[in-house]
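Read the structure below first, then the notes.
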Amino acid sequence: MLVAACATEPESLATLLAHTSRYDEQFVVNVQTGLAVFDEHNVREDTSAIEACFRSAPSADWPPFRVYNDPTRRASTQPCQAGLIVLNLKEKRIIQVQNSYAEIQREDRGRIRAFGKPTRALYHYALPRHWALVP
């Protein structure tokens, strides 16, 4: 669904999440809430709260966080349940570092979710050609 949202040419995280909410509003709420909590407990100069989380929980249990320094940058390269995919909105590049779900396609479909649960409705997308897909 994030790749489908990239097909709309978002220029910021806020825009990417706004477009993603069409496919799974609960996912977007979870990301936004997680980032709000992160922002309450961490600043660029002091990320000790999220670093404690990195040390005490497996990567699959880490909340959303921002990359501010070396510890958060290293954590951002750790795959979790579905793997690790980097979306570079500025450079229009999607990097599949480790994808244990399914290879990202330039054109594909997905299932719309309501309240975090899959529905019968599907969405379709076509990623513009100027977006690079890096395996």
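One is the number of the first residue; the rest follow in order along the sequence.
Cluster annotation: I95 is not connected to V67 through the hydrophobic network of ILVMFWY side chains, with a link wherever side-chain heavy atoms come within less than 4.5 Å. V31 and V29 end up in different hydrophobic clusters when Ile, Leu, Val, Met, Phe, Trp and Tyr side chains are linked at under 4.5 Å. Hydrophobic clustering (side-chain heavy atoms under 4.5 Å, transitive across Ile, Leu, Val, Met, Phe, Trp, Tyr) keeps V37 apart from L35.
Classification of the F65-F38 ring pair by plane angle, with boundaries at 30° and 60°, yields tilted.
M1 is listed as a side-chain neighbour of F27, based on a closest heavy-atom distance under 4.5 Å. Residues E9 and K92 are in side-chain contact: their nearest non-hydrogen atoms beyond the backbone lie under 4.5 Å apart.
Checked by atom type and distance alone, the side chain of W131 never pairs as donor or acceptor with a backbone atom of A7 at under 3.5 Å. No donor-acceptor distance shorter than 3.5 angstrom exists from the side chain of T33 to the backbone of N30, with no hydrogens or angles considered. With hydrogens and angles disregarded, no donor-acceptor distance shorter than 3.5 Å links the side chain of R93 to the backbone of L87. Remark: the backbone N or O of C6 is not paired with any side-chain donor or acceptor of Y125 at under 3.5 angstrom.
Taking CD of E103 as the start and CD of Q96 as the end, the distance is 4.5 Å to the nearest 0.5 Å. Rounded to the nearest 0.5 Å, atoms CG (L89) and CG (L13) are 7.5 Å apart. Note that CH2 of W62 is 5.5 Å distant from CD of Q78, once rounded to the nearest 0.5 Å. Here R22 contributes atom CZ and Y123 contributes atom OH; the two are 12.0 Å apart, rounded to the nearest 0.5 Å.
No option in L84, I85, V97 other than L84 meets the side chain to side chain contact (heavy atoms under 4.5 Å, CB included) test with P79. If you run side-chain hydrogen bond (donor to acceptor under 3.5 Å, both in side chains) between T47 and each of N69, D70, N42, only N69 comes through.
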For residues 114-122, run the donor-acceptor check on the side chains, cut-off 3.5 Å, and write out each pair with its distance to 0.1 Å, sequence neighbours left out.
| residue | atom | partner | partner atom | Å |
| --- | --- | --- | --- | --- |
| T119 | OG1 | I112 | O | 2.7 |
| T119 | OG1 | A121 | N | 3.2 |

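With sequence neighbours excluded, the residues that form a side-chain contact (heavy atoms from CB on, under 4.5 Å) with S12 are A14, T15.
Listed by first and then second residue, the salt bridge (Lys or Arg N to Asp or Glu O under 4.0 Å) pairs involving residues 38-61 are D39-R66 (not counting sequence neighbours).
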